[in-house]
2 protein chains.
Amino acid sequence: MAPWQTGPVRGMIAPVAERVDHDCEGEMDDICRGQHVNGTCGGCEMRQLRLCASVDAETRRKIHQVSQRMVFAKGRHIVDQGEPLDRVYFIRDGMIVLSKILEDGARCVTGFLGPGDIISGIKHREGAYCTGTALTDVATCSFRREEFMQLLQENSQFGVIMLMFATDEIEAQHDHNVILTRKHVSERLAAFLLFLVNRWVGPGGVGRTAAALPMSRADIGDYLGVTIESVSRGLTKFREDGFISMPSRDRVVIENLPALYELSGLEEVPVSRGELGL
Amino acid sequence: MAPWQTGPVRGMIAPVAERVDHDCEGEMDDICRGQHVNGTCGGCEMRQLRLCASVDAETRRKIHQVSQRMVFAKGRHIVDQGEPLDRVYFIRDGMIVLSKILEDGARCVTGFLGPGDIISGIKHREGAYCTGTALTDVATCSFRREEFMQLLQENSQFGVIMLMFATDEIEAQHDHNVILTRKHVSERLAAFLLFLVNRWVGPGGVGRTAAALPMSRADIGDYLGVTIESVSRGLTKFREDGFISMPSRDRVVIENLPALYELSGLEEVPVSRGELGL
DNA sequence: CGTGATTTTGACGACACTCAAATAAAGTGG
DNA sequence: CCACTTTATTTGAGTGTCGTCAAAATCACG
């Protein structure tokens, strides 16, 4: 066992997971609870995002019939490692950290999810292999597994879209492997910051120069495979070098974008793409 | 840039990729070239594997109509990084290494593929993001992109199966992330050896205690994120400790399975599962 | 059997982890 | 609202794993 795996689990441990099923109010919420308005998604922001934008109106109607809005307060678990998961969640708003506890107590963050990303329980009847924790309040459209599978069965187009999502995620994971195997701490941190400002921008949007950091240093460290101390030192160094500034501890502003690109080894703004959490 | 990224590209550089389209002989080959025999897969070994085993006879027939057998000699490239890829390959036999060259010349191995695994060109019209090199002679059943997409469109079941493959691969990648972020060299090596003996065993098969090592030390190192020297030292140590023996340089026999499991941190024999290369 | 590529072995050094303490922020009760 | 406690982050000093460099040994191939 690696020495740094010992010790207590780091990072925020949320209270016992409890799904909060809010009542929806207003047209948008009605739509996303499964109500059908004018045969379209109406004002639902998800329509502008990944899934709904890609299917025809008829399919969208079917989706709405079986979809259900679910929200999770910050700190709650959407998925629990080891617990059966029989829902598929499309994240509408907020941010989620996916983590995994190893046998020896070490923690590993496998990714961060945001608007448009998916947590899929389609093959975790016997227990999810990781935990999904809400880093902020999170709004989702969700489906029961059977109903979602029904949609997949009835709409081949739908399965293809999901396959594309998954393929994107595989490629993203390969990119992350590159970070983990071939980069030093500062390089990983630079790549992470660029990831934050480039992902989850709307369609056609360009990379931003500021981003929220709702996750803890432990989350970042466990994601990049470095210690919290290294994360802290790295961010401090970036601040000293004028690469970034931090108005608050959970907010970062990129001051020298080219320098971060140079450091990270990334050559251009990565295309924003879907992520399939599970 | 990390210091160890400099220098020439390591590992075998195959001659210019050239697809070898062998003539097929015998029933099995006829089947896998797209011929239809008795409405089933006949003796094709792929049927025992991942895709063909999961679909009905009718779908299987359609598959065969558009499938084509392709073989690649050891050292040839099935995919080339940056080159458009318009085929989907189902690997019937042999082993493939997927690698990626970074801007600074560093090399990263994202995975190894074997029988039942898939190299998918369904979304790489503009260029594959990694290279697939045959480590041994490789036999495949392949499809042109359009025809494969047609299959997906016409058979919702088919897309779901592919989605399951992809989901498995995502989970496998997350497991690999754990290796890369939380394990020391010896632990990574142990996990790699266990991976080799447990994957690509037939359905219902148990883990073996011996495996071929058709890949170079550089391939292993680039996969595990360590140097070739560390790989070599690690294997030597394992031999000295009696954990393994190596009849030849490209062959390994596990002599102390529990010790390797203990080292790797893996708790049980991982379930063999599909891998989607691209 | 000779040449080149791959692997192995050795010595040394650096990056990042460990341990520890200080500081800052967040949460809690009076 | 403020003192107090708890948690998270930052900073510092020391150390070990693993990477770098270099050379020897082994293997592959003609």
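Predicted model only: the values in this text are computed from it and were never measured. The chains referred to below are lettered A, B, ... by the order of the sequence lines, with proteins before strands, and numbering in each begins at 1.
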Round to the nearest Å and state the distance from [X] atom [atom1] to [N] atom [atom2].
| X | N | atom1 | atom2 | value |
| --- | --- | --- | --- | --- |
| A/Ile228 | C/dA16 | CD1 | P | 16 Å |
| B/Leu213 | C/dT8 | CG | P | 10 Å |
| B/Lys237 | C/dT8 | NZ | C1' | 16 Å |
| B/Asp219 | C/dA5 | CG | C1' | 14 Å |
| A/Lys183 | D/dC18 | NZ | P | 21 Å |
| A/Ile220 | D/dT10 | CD1 | C1' | 14 Å |
| B/Arg233 | C/dT8 | CZ | P | 11 Å |
| A/Met215 | D/dT7 | CE | C1' | 19 Å |

Checking [X] now: which residues fulfil side-chain hydrogen bond (donor to acceptor under 3.5 Å, both in side chains) with it, not counting sequence neighbours?
| X | result |
| --- | --- |
| A/Ser230 | A/Thr227 |
| B/Thr236 | none |
| A/Ser232 | none |

ask   = Considering only heavy atoms, which members of residues 241-254 of chain A lie under 4.0 Å from some atom of DNA chain D?
value =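 Residues of residues 241-254 of chain A under 4.0 Å from DNA chain D: A/Arg249.
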
inquiry  = Among residues at least two apart in sequence or on other chains, which ones pass ring-ring contact (aromatic ring centres under 6.0 Å, His included) with A/Phe192?
reply    =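 With sequence neighbours excluded, A/Phe192 shows a ring-ring contact (aromatic ring centres under 6.0 Å, His included) to A/Phe112, A/Tyr223, given in chain and number order.
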
task = Would you name the heavy atoms of B/Gln81 and B/Ser99 that are closest together and state the gap between them?
result =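 The answer is OE1-O, 4.3 Å.
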
ask   = Between A/Leu257 and A/Ile254, which heavy-atom pair has the shortest distance, and what is it?
value =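 Nearest pair, atom of A/Leu257 first, then A/Ile254: CD1-CG2, 3.5 Å.
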
ask   = Counting just side-chain N and O atoms, does A/Ser230 come under 4.0 Å of either OP1 or OP2 of C/dC17?
value =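 It does, given that an N or O in the side chain of A/Ser230 lies less than 4.0 Å from OP1 or OP2 of C/dC17.
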
ask   = Side-chain N or O of A/Ser216 less than 4.0 angstrom from OP1 or OP2 on D/dA8?
value =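 Checking A/Ser216 against D/dA8: no side-chain N or O falls below 4.0 Å of OP1 or OP2.
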
ask   = Considering only D/dC18, D/dG19, D/dT10, which nucleotide approaches the side chain of B/Thr227 most closely?
value =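 Of all the options, the side chain of B/Thr227 is nearest to D/dG19.
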
key: Out of C/dC17, D/dT11, C/dT7, whichever nucleotide has its closest atom nearest the side chain of A/Glu229   =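 Of C/dC17, D/dT11, C/dT7, D/dT11 is nearest to the side chain of A/Glu229.
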
inquiry  = Counting the atoms with a prime plus P, OP1 and OP2 as sugar-phosphate, which does B/Ser232 contact under 4.0 Å by heavy atoms, base, sugar-phosphate, or nothing?
reply    =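 Base contact.
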
inquiry  = A/Arg251: which residues meet the side chain to side chain contact (heavy atoms under 4.5 Å, CB included) condition with it, sequence neighbours left out?
reply    =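 For A/Arg251 the side chain to side chain contact (heavy atoms under 4.5 Å, CB included) partners, ignoring immediate neighbours, are A/Ala210, A/Ala212, A/Pro247, A/Ser248.
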
